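Encoded as structure tokens, the structure appears first; notes follow it.
Lettering follows sequence order; numbering is per chain, from 1. Keep in mind it's a predicted model, so treat the numbers as computed, not measured. Basis for what follows: all heavy atoms, side chains included, without hydrogens, waters or symmetry-related copies.
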Amino acid sequence: MAFWRRKSKEDKFSSSVLGLDKSIEELKEEEKRVEREFGVRFNNAISKTRDSINNRLDTVFESRKKIDEGFLEELEEMLISTDIGVSTTFQIIDTVRKGVSRDEIRDLDALKTAIKNELLIILRSAGKKGIGSETEAPKAVKPYVLMIVGVNGVGKTTTIGKLAQRIKQEQNEVIICAADTFRAAASEQLEIWSQRAGVPIIQQKQGTDPAAVLFDALKSAKAREADVLIVDTAGRLHNKANLMAELEKMKRVAGREVEEAPHETLLVIDAVTGQNGLEQARQFMKVADVTGIVLTKLDGTAKGGIAVAISKELDLPIRYVGIGEKADDLMVFDPEDYVNGLFA
Amino acid sequence: MFESLSDKLKKTLKNLRGQGKLTPEHVDAALREIRMALLEADVNYKVAKDFVEAVRIKAEGQEVWNDLKPHEQVVKIVYDELVNLFGGTSSRLVFTKQVPNSVMIVGLQGSGKTTSTGKISKWLAENQERKPLLVSVDVYRPAAREQLKVVGDAVGQSVYTDPETDDPLTLVKGARKHAEELGHDTLIIDTAGRLHIDDELMVELERIKEETRPVEVLFVADAMTGQDAVRSAEEFHKRVGITGVVLTKMDGDARGGAALSIKQVIGQPVKFVGVGEKYDAIEPFYPDRLAQRILGMGDVLTLIEEVQAKVDEEEAQAQLEKIVQNRFTLEDFRNQLRQFKQLGSMSKLMKMLPEQMLGGMSLSDEQSEEVEANLKRTEAMIDSMTKQERRDHTIINASRKTRIANGSGSTIAEVNGLLRQYEQMRKMMQQMNRGGLLGGLGKRMMSGMAGGLGNMLGGGGIPGLPGGGQDFDDEPDETTASLAKRLKRKKKRKKRKKK
């Protein structure tokens with residue numbers, strides 16, 4: 001929702017559909033309402049999972065009646081199954097164990113609250129860092145350059161299609177840069193998305209140097225005075241040094257053309273990703289100054305817990321979540337909704 | 001990066017030596033580490049638990065063997081059990097006489113179905129003499145069908161398209177007819193990526209299956225998948241009956257524990273492994289390698305095979321003759337460097353070597369970059385020499401050195417270093433020659449490489465790597481571990497035989 005905020009802060013009488021003649025309070029009200037709607041849709045998408053942690057906790061507690069080592073073992077299994085990782089799991093189990101011995105956790109509700117709090121602390125502490133830097137981006141910056149990176153097959157192109165639509169709806173002039181010149185038909189796929197969102201796309205033929213495509217796009221975005229340039233990049237495994245170097249080059253090119261660009265770099269992570277996601281984040285952060293995570297495919301049965309592990313280990317906030325294949329199935333990440341979703 | 005299981009177990013079991021038996025306490029401690037390693041490799045929680053119990057039964061009460069350290073023994077038990085679980089290798093697809101035989105490629109979104117479809121069709125054409133026809137029935141994702149078309153063109157296989165329809169069944173029927181008419185014996189169907197909870201799409205898969213009666217239904221799974229792998233594989237298996245698994249993106253650094261979970265849950269073998277973005281980057285599945293990778297033991301077999309595949313046999317033979325006659329010139333040295341570079345990045349090579357071979361040393365990314373830079377510099381220096389100099393290094397005097405240094409952007413000291421290194425290699429090769437050359441090409445290259453590697457790294461100032469053959473008569477130091485030792489013993493034996 002960053003663009004939203006940027007616009008409304010900048011000038012509350014801007015021509016924005018939302019801010020034409022509304023006060024900031026009204027805008028905030030509306031924003032809240034929309035977010036609530038998102039929350040509902042998010043829960044619908046996520047609660048498809050049959051064996052929810054909530055239910056399982058209830059069943060286990062019913063048969064055991066108390067929180068003992070056997071119970072904790074079951075809990076451990078449930079937490080591991082969300083992909084939040086061994087160390088985060090152990091941290092939570094430790095907290096619970098301490099709580100039980102201090103007699104603070106006596107029933108199931110207290111236990112659930114304790115776990116949720118632990119997760120929320122992790123997510124929120126990372127959350128503060130990323131967003132801060134982003135809203136402070138200079139207002140005069142044009143275009144605001146947004147780069148999307150990630151390994152192969154996580155949903156970068158789809159995410160860009162959705163982001164473009166979203167940012168355009170917030171009354172910004174958006175241009176998409178198709179710098180995935182490697183994968184077969186990547187550009188075509190993005191073109192279809194750009195048509196759906198009704199935004200122009202800058203592309204060249206397959207095999208072109210992606211930095212050159214980016215250069216063109218930056219020039220053209222400046223000429224057209226676009227607000228936002230979204231840059232698609234080819235999927236690359238984070239352990240391929242040459243491909244990562246290519247990404248670094250793109251970053252340099254962007255910075256040379258537009259001050260401090262890219263202003264935001266989002267790492268797309270597939271919710272089914274396991275512990276390797278940490279290494280992905282680590283490597284992409286190193287070369288591309290990743291500012292946040294987009295967690296995709298959350299509408300499956302995977303819980304995407306690896307994002308928690310990444311937040312915890314690397315202080316990287318989750319910015320958006322993808323919950324479906326339609327253009328508006330991308331929403332701003334909300335820690336509380338997410339944690340509730342983990343349990344649902 | 002992860003600490004290897006072997007290291008962890010070494011710590012856990014270090015007091016065990018000389019105690020005769022693996023006690024329940026030792027086993028318990030070891031199993032905890034094993035379980036952690038499996039979970040960190042994304043093996044499903046339940047699968048890991050069952051597996052650890054199986055290991056416990058095998059391990060408890062076992063005599064501690066004399067020639068293995070306790071942690072090595074436990075690793076061996078775990079390793080054997082893993083290999084056992086994965087079963088034999090069977091990457092060949094089973095075909096019948098029916099024309100066309102259909103192969104369905106299914107899996108989650110983004111797992112790599114389309115790329116795998118292309119790779120498998122190429123593999124079948126080249127290795128099983130099939131004549132494949134490809135068809136994409138992914139009518140949902142934008143440009144999915146165009147993607148398969150481009151991939152098909154790239155691998156030189158025909159792709160059936162029908163722009164008139166958006167109906168998967170019509171597409172499949174058309175493709176079958178087309179295959180019959182044109183004599184394609186194999187129809188490979190690239191299906192839409194879907195979430196397994198998407199019932200509508202599952203029904204569609206079932207219909208396609210009914211229509212085509214495929215001989216193989218291959219489930220494409222991303223090696224990076226976490227705990228959810230089990231659930232999706234299970235669901236796909238229930239609905240369409242998987243006959244084999246294709247494990248993709250194994251060229252990344254994921255441990256690939258998901259494969260173990262999938263194998264355990266659906267009981268079907270992994271048939272192919274995708275190892276790169278190029279269309280020939282697909283390999284048959286080897287249980288031992290994946291077991292090693294899950295346990296963090298490196299992948300020495302793959303490395304040997306890669307060396308075998310990439311080093312041109314004839315050239316190697318020519319070099320061998322030169323070595324025999326002690327005519328190994330700087331030019332040959334440069335060729336060797338280039339072959340070495342062809343194998344891939346330094347960090348990739350290092351990851352494939354087992355820990356003991358590196359003597360517990362590991363290269364950080366920065367270090368391997370440094371080594372790579374060193375290799376590059378060495379090559380540049382040799383490039384800056386004249387043909388004459390490359391053929392006979394003894395003519396390189398001070399003024400020639402200055403020229404070489406200037407030409408390659410290095411210093412005279414570095415040129416001196418290179419020449420020293422080269423002479424060492426020559427000496428080493430002479431020794432090898434005297435001792436009789438090792439048997440197969442693989443072994444020979446391995447020792448040569450380890451030696452070369454040792455030298456390169458030595459030049460880069462990184463300690464601890466056994467210079468696998470610089471001086472055969474030295475007793476191995478503490479860090480030089482079993483594999484290197486074994487190699488040396490073998491060499492010595494051969495030496496003796498010759499005498």
Specify the closest pair of heavy atoms between A:Ala184 and B:Val151, including all atoms of both residues, with the distance to one decimal.
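In terms of heavy atoms, the two residues are closest at CB-CG2, 4.1 Å.
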Shortest non-hydrogen contact from A:Ile192 toward B:Pro142:
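Minimum heavy-atom separation between A:Ile192 and B:Pro142: CD1-CB, 3.6 Å.
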Is [Y] close to [X] at the side-chain level, that is, under 4.5 Å between some pair of heavy atoms?
X	Y	answer
A:His238	B:Asp253	yes
A:Glu188	B:Arg145	no
B:Gln147	A:Gln189	no
A:Asp270	B:Gln109	no
B:Asp222	A:Val272	no

Verify, without hydrogens or angle tests, whether A:Asp83 (side chain) and B:Gln227 (backbone) share a donor-acceptor contact under 3.5 angstrom.
yes
Decide whether B:Glu277 and A:Asn152 meet the rule of one side-chain donor and one side-chain acceptor closer than 3.5 Å.
yes
Can you measure from [atom1] ([X]) to [atom2] ([Y]) and round to the nearest 0.5 angstrom?
X	Y	atom1	atom2	value
A:Thr301	B:Glu234	OG1	CD	10.0 Å
A:Leu278	B:Glu40	CG	CD	9.5 Å
A:Gln275	B:Thr225	CD	OG1	12.5 Å
B:Lys249	A:Asn276	NZ	CG	10.5 Å
B:Asp251	A:Asn239	CG	CG	6.5 Å
B:Tyr45	A:Thr82	OH	OG1	12.5 Å

Under 4.0 Å between a Lys/Arg side-chain N and an Asp/Glu carboxylate O for A:Glu73 and B:Lys49?
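Looking at A:Glu73 and B:Lys49, the cut-off is met.
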Which bit of [X] is near chain B, if near means a heavy-atom gap under 4.5 Å: side chain, backbone, both or neither?
X	value
A:Gln195	neither
A:Glu76	both
A:Leu243	side chain

Under a 4.5 Å heavy-atom cutoff, which of A:Gly235, A:Gly277, A:Gly305, A:Gly153 has the most pairs with chain B?
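The residue among A:Gly235, A:Gly277, A:Gly305, A:Gly153 with the greatest pair count is A:Gly153.
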What part of B:Lys46 is in contact with chain A, defined as an atom under 4.5 angstrom from a non-hydrogen atom: side chain, backbone, both or neither?
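Side chain of B:Lys46 only, per the 4.5 Å heavy-atom cut-off to chain A.
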